[in-house]
2 protein chains.
Amino acid sequence: MNTLSYGLLSLLSNASNSGYDLMLKLQPFWPAKHSQIYPLLAQLDQDGYVVHELVVQKDKPDKKVYSITEKGREALRAWLAKPADEPVHRDELTLKLYCLHEGDIADIRKLLHVRIEYSRDRMLWMHGKIEAYARQEQPPTLAVQLLMQKGLFHFQSDLAWAEWALLQLADRQPKQDN
Amino acid sequence: MNTLSYGLLSLLSNASNSGYDLMLKLQPFWPAKHSQIYPLLAQLDQDGYVVHELVVQKDKPDKKVYSITEKGREALRAWLAKPADEPVHRDELTLKLYCLHEGDIADIRKLLHVRIEYSRDRMLWMHGKIEAYARQEQPPTLAVQLLMQKGLFHFQSDLAWAEWALLQLADRQPKQDN
DNA sequence: TGATTATATGTAAATCAAGACATATTCGCA
DNA sequence: TGCGAATATGTCTTGATTTACATATAATCA
């Protein structure tokens, strides 16, 4: 039982989901491809942490909908009581900044612009999620509010940093278009 | 040539370093164990991106000091011009929050307190690094300033979020000691 | 009608990363 | 003198993750 397994169980503790939906919902918080999720779900199924039923759809391909079992919930509660692993952040941009003296400064400026767009996109996505709940006249659960806010805080600060960094470059290097 | 390789070359483009030092310097921005770094350095050496010399030390064990070659610098410049991969964040805490309705709310509160301490520690470490440069009467390079500031922004926002999250829990759940 | 996109599920191979195993020096402390 | 910690380098195995390979349905758009 690795972290991804607990992540899947966490999502299933809120609602039953297909593997495909679990992948989409997990992505923003714990990147994982379907090739990792499907075999893991089969394993969790075999070990009795989840069960599944086949759901036939007309407008879309059929799917397997997974539900958490009592054994799954127990495993989840035990995991919750243990300290969380330290977060892992790997950002290639930081490595590129480390050799900003090498190569073209315009390249770095471009990378920062791309990062600014990326952060803005992610913030919009989070806002969109919150609004989607509002449209359903369902207030998001406390958990969802905490998670969305975490994302908003994070991308806001990354955005602010990238804009600040561009100014620092402008102060020291002749400005160039890009 | 994977991202870690370029990270090592980036550090080496600033100054020659032993594998051990590279590991320590890389850790804060790109987590990697020595078991990953040493074989990779041997590979980079074999492929001509770096060279090394044996340095005998009296007060410490001998070491291999690696330096970047012109081929290494060229590879670095080509890599700099390419768009950076999207950052990868994996935070087990977010998964645990997702099932906060399951299990004990005191557990979650504890996790947030630990996160607050962790963020504070990291911020202090960043400040320490900046002050270390000041003590050496060497202003940090622009790159180091940008990186340290990125870290400060990040942990500041994580800290602010965790404190906010605790307040949200207090608003909705009976407060408990921990 | 043909291409693309979204939905849906799987496997196999390759790469990446962590943890364990292994060794050696020097310093400081008890 | 023995122990732990920091420095220093390596290998090996296992596990985690990505990429590529594979297939299929239904909708939309050109």
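Sequence lines set the chain letters: A, B, ... in the order given, protein chains first and strands last, and positions in each chain run from 1.
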So, OP1 or OP2 of dC16(C): does either fall under 4.0 Å of a side-chain N or O from R90(A)? no

Separation of atom NZ in K63(A) from atom P in dT23(D), rounded to whole Å: 25 Å

Is the distance from OP1 or OP2 of dT18(D) to the nearest side-chain N or O of Q36(A) less than 4.0 Å? yes

Nearest to the P39(A) side chain among dT11(C), dT9(D), dA24(C), which nucleotide is it? dT11(C)

Of the candidate nucleotides dT9(C), dA8(D), dT7(C), which contains the atom at the shortest distance from the side chain of D21(B)? dA8(D)

Can a side-chain donor-acceptor contact be found between T94(A) and D91(A) if the only test is distance below 3.5 angstrom? no

Going from CD on E53(A) to OG on S18(A), what distance comes out if it is rounded to the nearest 0.5 angstrom? 12.0 Å

Measure from OH on Y38(B) to C1' on dA18(C) and round the result to the nearest Å. 16 Å

Distance-only side-chain donor-acceptor flag, W79(B) / E74(B), under 3.5 Å: no

Euclidean distance, atom CG of residue N2(A) to atom P of dA18(C) [Å, nearest integer]: 14 Å

Any idea which of dT19(D), dT9(C), dT7(D) is nearest the K60(B) side chain? dT7(D)

I want to check one thing: is the phosphate of dT9(C), taken as OP1 and OP2, less than 4.0 Å away from some side-chain N or O of Y20(A)? no

Rounded to whole Å, CG of L54(A) lies from C1' of dA8(C) at a distance of 11 Å

Contact nearer the 5' end of DNA chain D, comparing H34(B) with P61(B): P61(B)

Ignoring hydrogens and angles, answer whether the base of dT9(C) and the side-chain atoms of S18(A) contain a donor-acceptor pair closer than 3.5 Å. no

DNA chain D: L24(B) or K64(B), which has the more 5' nearest nucleotide? L24(B)

Whole-Å distance between dT15(C) C1' and Q43(B) CD? 13 Å

According to a strict under-4.0 Å criterion, is Q57(B) in side-chain N/O contact with OP1 or OP2 of dT7(D)? no

Would you say S157(A) and H154(B) are linked by a side-chain donor-acceptor pair, where the criterion is simply a distance under 3.5 Å? no

What is the distance, to the nearest angstrom, from the NZ atom on K33(A) to the P atom on dA13(C)? 20 Å

I need the single residue from V114(B), I108(B), D107(B) that forms a side-chain contact (heavy atoms from CB on, under 4.5 Å) with K110(B). Which is it? V114(B)

Taking atom types as they are modelled, is there a donor-acceptor pair under 3.5 Å from the base of dG19(C) to the side chain of S35(B)? yes

Of the nucleotides dA27(D), dT11(C), dA8(C), which one has an atom closest to the side chain of D59(A)? dA27(D)

Nearest-Å distance, CD1 (I37(A)) to P (dT7(C))? 15 Å

Whole-Å distance between dA8(C) P and M23(A) CE? 9 Å

